[in-house]
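Start at 1 and go down the list; that is how both ligands and their atoms are numbered. Predicted model only: the values in this text are computed from it and were never measured.
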Amino acid sequence: MATRKRSPRAPTGATATATAPPADTDAAPAGGPAASPPARQPITVNDLWQMERVGPPSLSPDGAQAVVAVQRFSMDENLGRTRLWLLSTLGGAPRALTSGDKDTEPAWSPRGDRIAFLSRREQEGSKDEEAQLYLIAPDGGEARRVTSRAGGIEAFKWFPDGRRIAFIAWVWPDERGSEAQARRHQAWKDRKTSGYVTSEPLYRFWDHHLPQDRVPHLHLLNLDDGSVTDLFEGTPCELSRTEPTASGFDISPDGRRIVFAFNPAPEKRIDGRQALYEIELDGARLAGAPRAIVQDEAWDCHSPRYSPAAADGSERVAFIASHQGIKHTMPQQLAVWERESGRWQVESAAWDHDVEAPLHWEDDGQALLFGAEERGARHLWRFDLPDQRAERVHAGGWVGGFDKVAGTVALALDTLDHPPQILALLPGEPPRRIEAFNDALLARLALGRNEVLQVTGARGDAVQVRLVFPPDFDPARRWPVVHTIHGGPHAAFGDNWHWRWNHHLLAAAGQVVACVNYHGSSGFGHAFADSITHRWGELELQDIEAASDWLLAQPWADPQRLYATGGSYGGYMVAWMNGHVPAGRYAAYVCHAGCFDWTAMFADDAYDWYAKELGAWYWDDPARIAAQSPHSRAGHMSTPTLVIHGALDYRVPDAQGLAYYNTLKARRVDARLLWFPDENHWVLKPANSRLWYEEFQAWLSSHVLAPAQTPAVMVGTKRLAATKTTAARSRRKPV
Ligand SMILES: CSCC[C@H](NC=O)C(=O)N[C@@H](CC(C)C)C(=O)N[C@@H](Cc1ccccc1)C(=O)O
């Protein structure tokens with residue numbers, strides 16, 4: 001989808017300065033030779049927070065080793081620590097490379113002699129206030145700080161020569177030179193006022209205000225002499241203000257050009273369309289003005305990648321393009337620009353998938369690797385350019401970051417049953433794990449099975465439902481059933497591990513968890529995703545209700561204990577359900593960061609999107625907006641609801657949750673509020689997460705429908721009389 005997923009700063013929760021314990025202390029307790037292994041136990045929230053969180057791999061130039069950042073949390077200290085590990089793709093043992101607390105985003109230099117990473121450290125008498133760039137030799141030793149930039153470094157990329165690095169940092173565009181920037185930064189820090197002043201339409205994002213009056217510029221750091229050049233100084237160019245990541249630019253194989261995504265409109269908006277611009281370098285200086293190589297107002301273009309050096313000197317740039325001029329839901333397609341002709345074309349037009357960054361060229365320049373969702377999985381794909389055909393390089397689970405060097409692929413993969421793990425794919429060999437970070441912990445956990453089925457949902461379409469069962473599930477008993485409704489709406493709950501909505505943890509409480517990939521979900525083709533446009537709530541509810549009908553027809557489902565929960569758009573859906581589904585069907589709801597009132601949602605950071613999604617601006621067609629807004633049905637709401645919200649949530653401001661909670665209270669509906677002053681759209685701190693899971697479960701467990709409350713059955717959005725209940729349920733069979 002063109003609505004790219006948000007990019008909050010690293011969701012690491014709190015951090016610490018103390019020395020991290022060794023990351024390999026998860027060893028199983030020693031037992032005597034005759035001791036039988038302890039029985040596996042259901043997963044707890046403490047288990048979840050003890051797991052190591054492995055980041056995306058970066059490979060050495062020979063492909064023999066990968067470097068990853070690994071985060072480990074302490075529930076007692078309520079903080080997380082991240083350090084770097086080296087993993088062998090050839091079978092050697094993993095090795096801790098750093099002992100810092102905040103070492104992230106490692107990248108192996110193209111010469112193999114150094115690894116660059118971002119960190120905040122106390123070193124040589126100075127303490128980093130913001131992330132700075134560090135270098136370390138792969139065989140260890142002390143890391144060396146190579147930048148000391150007021151305001152810090154956002155992201156970086158090695159030049160192919162391994163002697164220079166391009167990095168992104170925020171600057172005041174009206175200042176010249178690093179000294180002037182540093183002076184301005186000091187003045188900013190010393191100011192006595194706290195007001196944020198802006199005339200920009202886009203001024204805050206996710207959970208932070210954009211640095212006032214600053215823009216993200218690309219800089220060149222020469223590691224030989226330490227000199228830094230602002231490559232955009234004196235130009236109108238800048239990188240994405242909301243996602244200033246290394247995906248936004250690329251360096252040509254000869255190191256003489258840089259291509260980057262840039263929105264040339266004077267006013268930057270969250271849905272602004274980016275063009276591709278290129279600069280030429282003469283040493284550390286710009287040779288000429290930046291020039292647009294791909295610019296079409298109808299298209300949003302981003303994530304450019306230069307093709308590898310070719311014997312004939314030809315050069316191309318692959319990128320992701322979305323035809324926003326047609327519709328905001330248009331897919332993200334693979335496109336290629338050719339230097340010789342100066343023309344570009346979409347390559348994946350006939351392939352109904354959303355291509356996701358980063359793109360990675362194969363060495364022969366004939367194909368690209370990338371991740372893309374398909375029916376609740378995120379595979380790694382190779383897209384062959386001459387044939388315009390995609391094949392799976394790794395199928396199943398959820399592929400996160402990956403790298404490919406010298407024929408070896410290293411990828412981060414998670415599944416519903418396993419947190420992210422690192423796999424190596426060597427030519428002609430099956431995929432192989434190259435770490436064992438969570439194995440000892442997982443070995444003592446009992447995880448229930450999961451299965452995928454289809455129900456006939458809205459418009460008679462097949463809708464995917466994934467069920468996760470408690471570890472001790474016995475179909476002869478009756479079990480509570482809880483919907484976890486995903487957000488987006490253009491996202492999916494698939495075969496992936498979730499830290500915040502962990503389906504095994506929820507199932508371990510003794511309930512069957514149901515995840516419906518309702519109309520609008522990603523991974524099921526463009527028409528399915530677009531089907532809900534301008535009528536949010538309608539088809540999604542029919543799908544969830546169809547799944548509920550199927551679930552209630554199962555002998556193991558307890559009709560007195562059917563629940564619906566969801567976050568963000570999933571929270572919108574449960575608020576919508578409260579107004580549209582008759583009381584007595586669901587015993588309780590949990591609404592996390594849910595949208596309650598689309599007009600008041602104009603206070604959020606993505607307000608420019610909603611006219612496209614809902615079909616009008618609220619001032620042009622208030623009735624249309626109100627018809628898709630849960631608050632319009634407040635008079636029908638009577639199902640008990642736990643409302644959860646974070647005050648740092650700028651995507652769905654907490655006033656949404658508070659208005660919903662206050663409405664329920666004013667209506668004397670059973671309701672409870674869990675409000676976090678220090679969490680954003682997501683609950684990311686260990687102790688808060690534990691409270692979240694505890695309150696979530698306690699709320700569900702304390703709400704059971706009385707047997708006299710005959711569950712009503714919804715067909716479409718019409719209510720059926722109770723006498724038709726049995727017949728209506730029996731019509732819904734899994735497909
Ligand atoms: C119409 S702008 C929506 C932007 C974004 N969509 C990406 O999926 C989003 O933030 N959606 C919200 C709901 C929206 C405010 C109505 C949402 O549901 N967020 C979910 C899904 C999500 C997951 C990962 C990254 C971004 C969004 C959530 O935060 O869990």
So, regarding His681 and ligand 1 (criterion: nitrogen or oxygen to nitrogen or oxygen, under 3.5 Å), is there a contact or not? yes
Counting only heavy atoms closer than 4.0 Å, does ligand 1 sit against the backbone of His486, its side chain, both, or neither? neither
Which of the listed options, Ser568, Gly566, Gly571, holds the heavy atom that is closest to atom 17 (C) of ligand 1? Ser568
Taking only heavy atoms of Val652, which atoms of ligand 1 are found under 4.0 Å from at least one of them? 15 (C)
Can you tell me which portion of Trp682 lies within the under-4.0 Å heavy-atom range of ligand 1? Options are side chain, backbone, both, or neither. side chain
If I apply the N/O under 3.5 Å rule, does Asp604 come out as touching ligand 1? no
Glu679 side chain near His645 side chain, heavy-atom distance below 4.5 Å: no
What residues, two or more places apart in sequence or in another chain, satisfy salt bridge (charged side-chain N to carboxylate O under 4.0 Å, His left out) together with Arg269? Glu267, Asp608
Using a 3.5 Å cut-off on N or O atoms only, is His490 in polar contact with ligand 1? no
Can you confirm whether Asn450 sits close enough to Leu467 that some side-chain heavy atom of one is under 4.5 Å from a side-chain heavy atom of the other? no
His486 and ring pair (Phe, Tyr, Trp, His ring centres under 6.0 Å): which partner among Tyr572, Trp501, Tyr518? Tyr518
Ligand 1-proximal atoms of Trp609, by part, heavy-atom distance under 4.0 Å: side chain
Can you name the side-chain hydrogen bond (donor to acceptor under 3.5 Å, both in side chains) partners of Gln464, sequence neighbours left out? Asn517
What do you reckon, does Gly488 have a nitrogen or oxygen under 3.5 Å from a nitrogen or oxygen of ligand 1? yes
Charged tip of Arg53 within 45° of Trp499 ring normal and under 6.0 Å: yes
When you compare the side chains of Trp49 and Ser689, does any donor N or O come within less than 3.5 Å of an acceptor on the partner? yes
Below 4.0 angstrom from a heavy atom of Tyr569, which ligand 1 atoms are there? Numbered from 1 as shown, please. 13 (C), 17 (C), 18 (O)
When you check the gap from the basic side-chain N to the acidic O, do Glu373 and Arg378 get nearer than 4.0 Å? no
Quick check on contacts: which atoms of ligand 1 are under 4.0 angstrom from a heavy atom of Arg651? 4 (C), 5 (C), 9 (C), 10 (O), 15 (C)
Under 3.5 Å: N/O of Tyr610 near N/O of ligand 1: no
